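Structure first, commentary second.
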Amino acid sequence: MISSDNTTSTITDVPISYNLSESASKDLKIFSTSIDKVTINVSGKRVIIDSLSVSDVTASVDLFSINKPVTGTYPVVVKNNSNMSFDIESIEPENITIMIDREATKTVNIVSNFSYNPEGYYVENNLPQTVEITGPETLINKVKSAYVTGKVNSPDASTVTNTYSLRLFDSEDPNSAGAQEISTEYITMSFSSVDVSFRFMKIDENVPFTIKYTPSNIKLNSFYYAVSPSTISVAGPEEL
């Protein structure tokens, strides 16, 4: 005969499962949860309580009634998953906040704002024009542009490469009044940072147009013609 007194114990790190309906699972996705695991306080005969482990209980959230995007708070339900007798005293935490949405993908333009040192050069760069973003449809619909900004220093005006992170905004002009940055916590991008090479080129703003005659022995007096514009701006490597 074995006699056992009553006792209490705690089972930690019990994973939570989520129950979406089959039809909802085809269209909706869980993008975030406030917690992934719960702590369960149990009581019963010591001989039973001392032998319990995570596998003897289950924690779940019933989302079967969800059929559209929503962010809400739902109760965690814990059940005895064993053939032993014990009581579930409490769950910590008792509720969980979940974001459920459709997954969406779209391409947005990359807007840049670079300042250069030294000034007075035409600077060419290889920054991509667009980036693809994927995430909750509610957030993706808000994104209007990706933004890259920074200072570019090249004391000898030679080619320089810098790395920049992309930031997402709800405006096509991230510098406009009221433009708000959008968190990328639940959004993935085809690339979140980019290596940009900057090529500094000398500018000559007054390169004149001339007329080349064929044959060369025939020339027209400048009184009879006009060239407009008479000069153009040219940018290129300083040695050229």
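Everything quoted here is computed from the prediction, not taken from an experiment.
Contact check for Asn162 versus Val196: no side-chain heavy atoms found under the 4.5 Å cut-off. At least one side-chain heavy atom of Pro237 sits under 4.5 Å from a side-chain heavy atom of Arg199. The side-chain heavy atoms of Ile96 and Ile16, taken from C-beta on, include a pair separated by under 4.5 Å. Counting heavy atoms from C-beta outward, Lys45 and Asn6 have side chains that approach closer than 4.5 Å. Taking the side chain as every heavy atom from C-beta outward, Leu166 and Ser192 never approach each other to under 4.5 Å. Using a 4.5 Å heavy-atom threshold, the side chains of Pro93 and Ile35 count as touching. Contact annotation: the side chain of Ile187 approaches that of Leu168 to within less than 4.5 Å [non-hydrogen atoms, C-beta and beyond]. At least one side-chain heavy atom of Ser51 sits under 4.5 Å from a side-chain heavy atom of Met84.
Across all non-hydrogen atoms, the minimal contact from Phe209 to Pro229 is CD1-O, 3.0 Å. Across Ile203 and Gly120, no two heavy atoms sit closer than the pair CD1-O, 4.0 Å. For the pair Lys144 and Glu172, the tightest heavy-atom approach, listed with the atom from each and the gap, is CB-N, 3.7 Å. Across all their heavy atoms, Ala235 and Tyr122 have their closest contact at CB-CB, 3.7 Å. The two residues Ser9 and Ile49 come nearest to each other via the heavy atoms CB-CG2, 3.2 Å.
Rounded to the nearest 0.5 Å, atoms OG1 (Thr231) and CG (Asn206) are 5.0 Å apart. One distance of note links CD1 of Ile91 with CD1 of Ile40; it measures 6.5 Å at 0.5 Å rounding. Within the model, atoms OG of Ser154 and CG of Asn117 stand 8.5 Å from one another, a figure rounded to the nearest 0.5 Å. The structure places CZ of Arg167 at 10.5 Å from OG of Ser145, a figure rounded to the nearest 0.5 Å. Within the model, atoms CG of Asn113 and CG of Asp173 stand 9.5 Å from one another, a figure rounded to the nearest 0.5 Å. A distance of 10.0 Å separates OG of Ser25 from CG of Asp27, quoted to the nearest 0.5 Å.
In this structure, Leu20 is not a member of the same hydrophobic cluster as Val77, with clusters built from ILVMFWY side-chain heavy atoms closer than 4.5 Å. Both Val78 and Val14 belong to a common hydrophobic cluster when Ile, Leu, Val, Met, Phe, Trp and Tyr are linked at side-chain heavy-atom distances under 4.5 angstrom. Cluster membership check: Val111 does not share its hydrophobic cluster with Ile182, using side-chain heavy-atom separations under 4.5 Å among Ile, Leu, Val, Met, Phe, Trp and Tyr. By the rule that hydrophobic residues join a cluster once side-chain heavy atoms approach within less than 4.5 Å of another member, Tyr225 and Ile218 end up as members of separate clusters. A continuous path of ILVMFWY side-chain contacts below 4.5 Å connects Val160 to Tyr121, so both sit in one hydrophobic cluster.
Under a 3.5 Å cut-off, the side chain of Thr33 and the backbone N or O of Asp36 do not form any donor-acceptor pair. The backbone N or O of Ser55 sits less than 3.5 Å from a side-chain atom of Asn81, completing a donor-acceptor pair.
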Inset, instruction - Evaluate side chain to side chain contact (heavy atoms under 4.5 Å, CB included) for Val152 paired with Val123, printing each intermediate quantity in order. - result: CA-CA 10 Å; Val152 182; Val123 184; 5.6 Å; no

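Checking each of Asn41, Thr39, Thr10, Thr12 against Glu92 for a side-chain hydrogen bond (donor to acceptor under 3.5 Å, both in side chains) leaves exactly one that passes, namely Asn41.
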Tell me which donor-acceptor pairs under 3.5 Å the side chains of residues 58-75 have, and how far apart each pair is, sequence neighbours excluded?
{"residue": "Asp62", "atom": "OD1", "partner": "Phe64", "partner atom": "N", "Å": "3.0"}
{"residue": "Thr73", "atom": "OG1", "partner": "Thr97", "partner atom": "OG1", "Å": "3.3"}

With a cut-off of 3.5 Å and sequence neighbours excluded, list every side-chain donor-acceptor pair involving residues 125-143.
{"residue": "Asn125", "atom": "OD1", "partner": "Leu127", "partner atom": "N", "Å": "3.0"}
{"residue": "Asn126", "atom": "OD1", "partner": "Ser197", "partner atom": "N", "Å": "2.8"}
{"residue": "Thr134", "atom": "OG1", "partner": "Thr105", "partner atom": "OG1", "Å": "2.9"}
{"residue": "Thr138", "atom": "OG1", "partner": "Asp101", "partner atom": "OD2", "Å": "2.6"}
{"residue": "Asn141", "atom": "ND2", "partner": "Glu137", "partner atom": "O", "Å": "3.3"}

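Contacts classified as ring pair (Phe, Tyr, Trp, His ring centres under 6.0 Å) and involving residues 162-191 (residues at least two apart or in different chains) are given here: Phe114-Tyr164, Tyr147-Phe169.
A donor-acceptor contact under 3.5 angstrom links the side chains of Asn80 and Ser82, judged on distance only.
In the displayed structure, Glu94 atom CD is contacted under 6.0 Å by at most 12 heavy atoms of other residues, nucleotides or ligands.
With respect to the salt-bridge test (charged N to carboxylate O, under 4.0 angstrom), the residues Lys37 and Asp13 do not qualify.
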